[in-house]
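Reviewing the structure listed below.
Ligands are counted one by one from 1 in listed order, and the atoms in each one are counted from 1 as well.
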Amino acid sequence: MINIIGYSEAKLALLFTEWGEKSFHVHQVLNWIYHRGVEDFSEMTNISKSLRAKLDDYFFIGFPRIEKKTVSKDGTTKYLFCLDDDSRIESVWIPDTGRKTLCISTQVGCRLACTFCLTGTLGLKRNLTSAEFVGQYMAVNRALPEEDRITNVVIMGMGEPLDNYEPVVDGLRLMVSPEAMAIGNRRITLSTSGLVDKLEQFQGEDIHVNLAVSLNATEDSTRDRIMPINKKYPIRVLLDALRKHPLKKSRRITFEYVLLKGVNDTHADAVRLAKLLKGFPCKINLIAFNDFEGVDCQSPSRETVLDFQNYLISKNYTAFIRKPRGEDILGACGQLAAETLAVS
Ligand code: SAH
Ligand code: SF4
């Protein structure tokens with residue numbers, strides 16, 4: 001049996017045609033699942049009994065199981081999911097004034113092995129299915145009281161989204177579809193380390209969620225060392241691909257830059273970064289490195305971070321320092337995987 005959660009609208013339409021059913025039933029089914037949250041096909045009362053029976057034979061409706069919830073002193077909440085094969089993944093719910101963001105995972109582990117990232121130390125255990133990908137949002141939203149429901153999604157949890165291409169693209173289409181999850185595309189951000197071949201494929205999908213790119217260095221020699229994917233797709237190649245990114249009016253690419261003490265945090269780096277990004281409609285998100293056990297990286301001083309930001313601002317860039325959230329529960333950027341490690 002197949003989980004209907006995450007099953008794409010296009011595939012469902014195809015299946016209904018095969019079954020000799022009218023395609024408008026697809027929207028009714030999606031509405032029952034994603035808007036009304038039914039967990040049983042028998043509850044879909046405006047659908048014929050015979051179609052309900054076919055659906056029931058072919059599909060089930062299943063969400064990933066929340067195994068543990070850990071709440072930080074700043075309100076950030078980490079959800080540990082236990083998947084059907086006992087793999088563990090994490091999502092992080094981050095409350096802020098006016099928005100509640102869910103950071104979701106795309107893989108168990110990650111094969112890209114960035115040296116500063118805890119998820120990278122796991123290696124790739126496996127890709128998530130589209131059901132597990134969108135299921136994180138569904139499961140957390142159902143567990144939250146009305147006033148805390150998710151308003152924004154960032155695909156910045158465990159894994160490299162473009163390395164799990166099809167399930168992520170199927171999931172994104174469901175997220176933005178008004179018939180399904182109906183999250184506005186401006187409220188979704190996909191973060192990638194820069195898999196250029198997949199990025200180019202993604203640019204042709206006509207999906208207009210926000211794009212964030214983990215640049216993290218201004219010279220290939222440094223980026224090669226901290227993000228091995230750079231050996232395949234060096235900075236220049238990545239930026240050339242991004243220059244062609246189909247941006248809607250008034251939208252910008254976000255460049256993420258994790259500041260690592262003595263590695264990429266000097267004034268010369270700030271100068272090079274300003275030069276590299278010249279002419280890009282972009283925002284820069286500076287992230288002071290978040291620590292975890294056994295890692296050979298350090299966070300720069302607050303002063304270094306502020307100097308770096310101020311230089312970029314002086315060059316007319318929009319540059320933010322990302323507020324660390326949920327550090328006390330290992331819920332901040334790059335800290336996800338601890339629980340996965342603990343149980344594996
Ligand atoms: N694989 C994707 C998305 C997951 S990582 C990517 O690399 O973009 C999400 C963000 O966390 C990336 O910008 C990454 O550079 C950052 N990150 C990883 N480890 C970190 C750490 N220890 N401290 C701060 N940020 C980190
Ligand atoms: Fe993977 Fe992103 Fe971590 Fe790099 S930073 S190892 S791409 S999850």
Quiz prompt | Pairs where residues 40-65 contributes a residue and the test ring-ring contact (aromatic ring centres under 6.0 Å, His included) is met, not counting sequence neighbours | solution = Tyr7-Phe59, Trp19-Tyr58

Quiz item: For ligand 1, which atoms have a heavy atom of Ile287 less than 4.0 angstrom away?
Solution: 24 (C), 25 (N)

Quiz item: Which heavy-atom pair separates Arg251 from His208 by the least distance, and what is that distance?
Solution: NH2-O, 2.7 Å

Quiz item: Which bit of Thr192 gets closer than 4.0 Å to ligand 1, counting heavy atoms only: side chain, backbone, both or neither?
Solution: backbone

Quiz item: Within the distance-only criterion (no hydrogens, no angle test), does the side chain of Arg88 pair as donor or acceptor with the backbone N or O of Phe81 below 3.5 angstrom?
Solution: no

Quiz item: With distance as the sole criterion, is a donor-acceptor pair present between the side chains of Gln309 and Tyr317 under 3.5 Å?
Solution: no

Exercise. Would you confirm whether Asp265, through its side chain, and Gly262, through its main-chain N or O, come within 3.5 Å as a donor-acceptor pair?
Key: yes

Exercise. State the count of protein N/O/S atoms located less than 2.8 Å away from atom 1 (Fe) of ligand 2.
Key: 1

Quiz item: Counting only heavy atoms, which portion of Asn290 has something under 4.0 Å from ligand 1: side chain, backbone, both, or neither?
Solution: both

Self-check item: ligand 1 to Gly159 polar contact by distance, N or O atoms, under 3.5 Å
Solution: yes

Exercise. Check each atom of ligand 1 against the heavy atoms of Val258 and keep those under 4.0 Å away; list them by number with element.
Key: 15 (O), 16 (C), 17 (N), 24 (C), 25 (N), 26 (C)

Quiz item: Considering Gly157, Ser191, Ser299, which one's heavy-atom position lies nearest to atom 4 (C) of ligand 1?
Solution: Gly157

Practice problem: Could you tell me whether the side chain of Ser105 and the main chain of Ser91 form a donor-acceptor pair under 3.5 Å? | Solution: no

Quiz prompt | Pairwise distance CG(Leu172) to CG(Asn185) - rounded to 0.5 angstrom | solution = 10.0 Å

Quiz prompt | Donor-acceptor side-chain pairing of Arg187 and Thr101 below 3.5 angstrom | solution = no

Quiz item: Can you tell which of Glu256, Met158, Met227 gets a heavy atom nearest to atom 10 (C) of ligand 1?
Solution: Glu256

Exercise. For residues Leu276 and Thr218, determine if any side-chain heavy atom of one lies less than 4.5 Å from a side-chain heavy atom of the other.
Key: yes

Quiz item: Is Phe116 close to ligand 1, meaning an N/O of one under 3.5 Å from an N/O of the other?
Solution: yes

Quiz prompt | Within-cut-off N or O pair, Ser214 and ligand 1, under 3.5 Å | solution = yes

Quiz item: Hey, are Glu256 and Ser191 close enough side-chain-wise for a donor-acceptor pair under 3.5 Å?
Solution: yes

